[in-house]
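Right, one structure below, let's go through it.
Since the structure is predicted, the reported quantities are computational estimates derived from the model, not experimental observations. Naming convention: chains lettered A, B, ... in sequence-line order (proteins, then strands); numbering from 1 in each chain. Reckoned from all heavy atoms, side chains included, excluding hydrogens, waters and symmetry mates.
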Amino acid sequence: MEWLALSPDEWTAVRLSIKVSIWATIVALPFGVAIAFLLARKRFWGKSIVNGIVHLPLILPPVVTGYLLLITFGRRGPVGSLLGEYFGIVFSFRWTGAALACGIMAFPLMVRAIRLSIEAVDRRLEAAAGTLGASPAWVFATVTVPLILPGVIAGMILAFAKAMGEFGATITFVSNIPGETQTLPSAIYTFTQVPGGDLGALRLTLVSIAIAMAALVASEMLARRVSRRLDIA
Amino acid sequence: MSLSVAVSHRLGSFSIDAAFESSGRLTALFGPSGSGKTSLVNMIGGLIRPERGRIAADGTTFVDTQARLWLPAHRRRIGYVFQDARLFPHLTVRQNLGYGRFFTPRRERYADFDGVVDMLGIGHLLDRRPSTLSGGEKQRVAIGRALIASPKIMLMDEPLAALDEARKSEILPYIERLRDETRIPIVYVSHSAAEVARLATDVVALSAGRVVAAGPAGQVIGSITGAAIDPTDVGALIAFEVLGHDPTYDLSLLRSASGEWRVPRIDAEPGARFRALVRARDVTLATEAPRGLSALNVLAVTITGIGAAEGAQALVETESGADRIVARVTRQSIDGLGLKPGVRVYAIVKAISFDRGGVPSAAPRS
């Protein structure tokens, strides 16, 4: 079984991938909830445009998304140069860039799951909370959020899984630098490009499967717990 | 406490144009489905914003479109009991009950949690989840949740409509206690004349978005025009006192201003007073004292008015002592018997509606 042991470089790729995915998921979450709420509840001019832009990463070839990120968030890109100059935030060829790419690719999945759960909320319950003295912000925090929690969890797990598997946009935007931007899929890809890399590719593939399964089981357990609490199940 | 409403609002092809004032302890908004009662109570509650008009309760202006004033629902300090209880599924009964209290300023919290729980008999449900409660239990918890928020006014939108008869009679006594034991004025929406007869101190009768009658319950219900309510529910409200019971025939002896009545035994102590509805369809008129009749209650009455024709039938209003009794008879009988105002006839009453299953309790002191 010795062949199963991961080399230090492989461990680095695994850790980096998990770090990138967690950051992508957590940073995307507030935006995801806000956009999902906007799309589910509000009527405004240009709603279908917003909806289209949110879903674009799902439809575009990932390489195109990665290239768009490169020209906007790259060191010379209009947004990238501003962020770098004034806030010291650099995306290009850093793990933060990988997280940005993963987050953007995972965003539509997250928004979809949360939006569906917001649309399923019984608005009469929110009205009832209002008559009991809760301001709109309190209603959101004490009624809406608990009721959409299963959808939010589902959205986060989906986003995490998507981020773990993201390859095309990441490698286009931030390349494939071991220890900085070489995530799990990039590492597997690299193994398949060198002679004798099969075993390494297989090891990382098994790790991928294990992480994906763990995420799935965790989400099932969480969702069951939450829905038992809500008496939905 | 006074409630003053004067609004006009358009909802699609339906329009509401209603104005009334009430200082009663339980004001019933009464009318058939689609008469605008729920829309009206939603305007009082801040769930619908009227296009024009003014609503004020107890000196607080809720909305005044002329003054561009709008108080959002959460700042009105109302207790709203919905037809569907609308309990929060993610909270326990205890947490549901405490929800509104959290938002009530500390010095304005007058409701006593344990007292309300006792009054509604929901102490054994506190740790349960709403989904495990029966319809009647849910509605009691919903009433408790509204009360514990220490509201300045209670709004109840057909709180019994979704319940079966047994559950209704389970809740009615609690609403009566609410009316008689707390100082909170109640606005109660209903399309059931029997419910209104039993509960209301004041009635606002609505039809097609307009107020057709408003005032103390006795006056309004006794003179309601057929259009205002479900035709089967038209009738007159009579105040009774229980004189005693007749165990041989299982009857109860009652007294009203027009005389003595015998009815199937009701569960009330001698001396108890209550009001009940005598439905127009349960009253027959005779020009001579009937003989050999199975009906027990025959009253000498004087016709005071004849309503507009409704198909083959019309309503005949009569009076006996201070009681008003309304009969629904065919127009052929009206012509054939020569019924007209001033004629003395006999009213044969086949039944008194006690709001099925509802045990009468003390009459409201209006």
Side-chain angles (χ1 to χ4, degrees), chain A residues 29 33 36-37 40-44 113-157 218-233, chain B residues 38 41-42 44-48 62 71-93 95-105 108-109 111 128-133 138 141-157:
Chain A
L29 183 64
V33 173
F37 196 82
R41 290 285 174 84
K42 305 290 178 198
R43 302 172 105 192
F44 53 92
I114 299 175
R115 178 183 176 171
L116 283 177
S117 65
I118 291 176
E119 282 168 348
V121 167
D122 186 349
R123 303 205 59 185
R124 296 172 309 167
L125 290 174
E126 297 177 328
T131 66
L132 287 162
S135 65
W138 274 109
V139 172
F140 183 74
T142 59
V143 177
T144 317
V145 165
L147 291 176
I148 66 172
L149 211 52
V152 172
I153 292 171
M156 287 178 73
I157 300 288
S219 85
E220 279 290 310
M221 274 166 51
L222 267 173
R224 200 170 308 151
R225 203 176 195 175
V226 170
S227 50
R228 197 180 315 129
R229 209 161 54 80
L230 290 180
D231 295 311
I232 295 166
Chain B
T38 295
V41 86
N42 278 341
I44 302 172
L47 304 183
I48 296 180
F62 285 171
L71 204 58
H74 67 276
R75 285 173 47 203
R76 293 192 181 190
R77 302 284 318 283
I78 48 169
Y80 200 138
V81 180
F82 300 89
Q83 185 176 331
D84 46 340
R86 302 198 192 181
L87 300 179
F88 303 124
H90 57 296
L91 303 177
T92 62
V93 167
Q95 292 166 326
N96 265 285
L97 288 171
Y99 188 87
R101 183 189 196 81
F102 179 76
F103 299 105
T104 310
E108 291 180 36
R109 291 179 192 169
R128 307 245 302 258
R129 294 265 171 197
S131 62
T132 67
L133 306 182
K138 277 184 192 161
V141 172
I143 294 171
R145 181 178 68 174
L147 273 179
I148 290 169
S150 303
K152 291 180 172 162
I153 180 170
M154 284 283 277
L155 306 177
M156 306 180 98
D157 182 11

Heavy-atom closest pair, residues Pro146(A) and His90(B): CB-CD2, 3.3 Å

Heavy-atom closest pair, residues Leu132(A) and Ala146(B): CD2-CA, 4.2 Å

Flag if over 12 foreign heavy atoms under 6.0 Å of CZ, Arg75(B): no

Note, Pro151(B) side chain near Thr131(A) side chain (heavy atom, < 4.5 Å): no

Flag side-chain contact, heavy atom, 4.5 Å: Tyr99(B) against Thr142(A): yes

Does any heavy atom of chain A fall under 4.5 Å from the side chain of [X], the backbone, both, or neither of them?
X	answer
Leu47(B)	side chain
Leu87(B)	backbone
Arg145(B)	both

Under the ring pair (Phe, Tyr, Trp, His ring centres under 6.0 Å) test, residues paired with Phe37(A) that sit two or more places apart: Phe140(A)

Salt bridge (charged side-chain N to carboxylate O under 4.0 Å, His left out) pairs, two or more places apart, involving residues 124-148 of chain A: Arg41(A)-Glu126(A), Asp122(A)-Arg124(A), Arg123(A)-Glu126(A), Arg124(A)-Asp84(B)

Choice from Pro136(A), Ala129(A), Ser135(A), Ala134(A) maximising heavy atom contacts with chain B below 4.5 Å: Ala134(A)

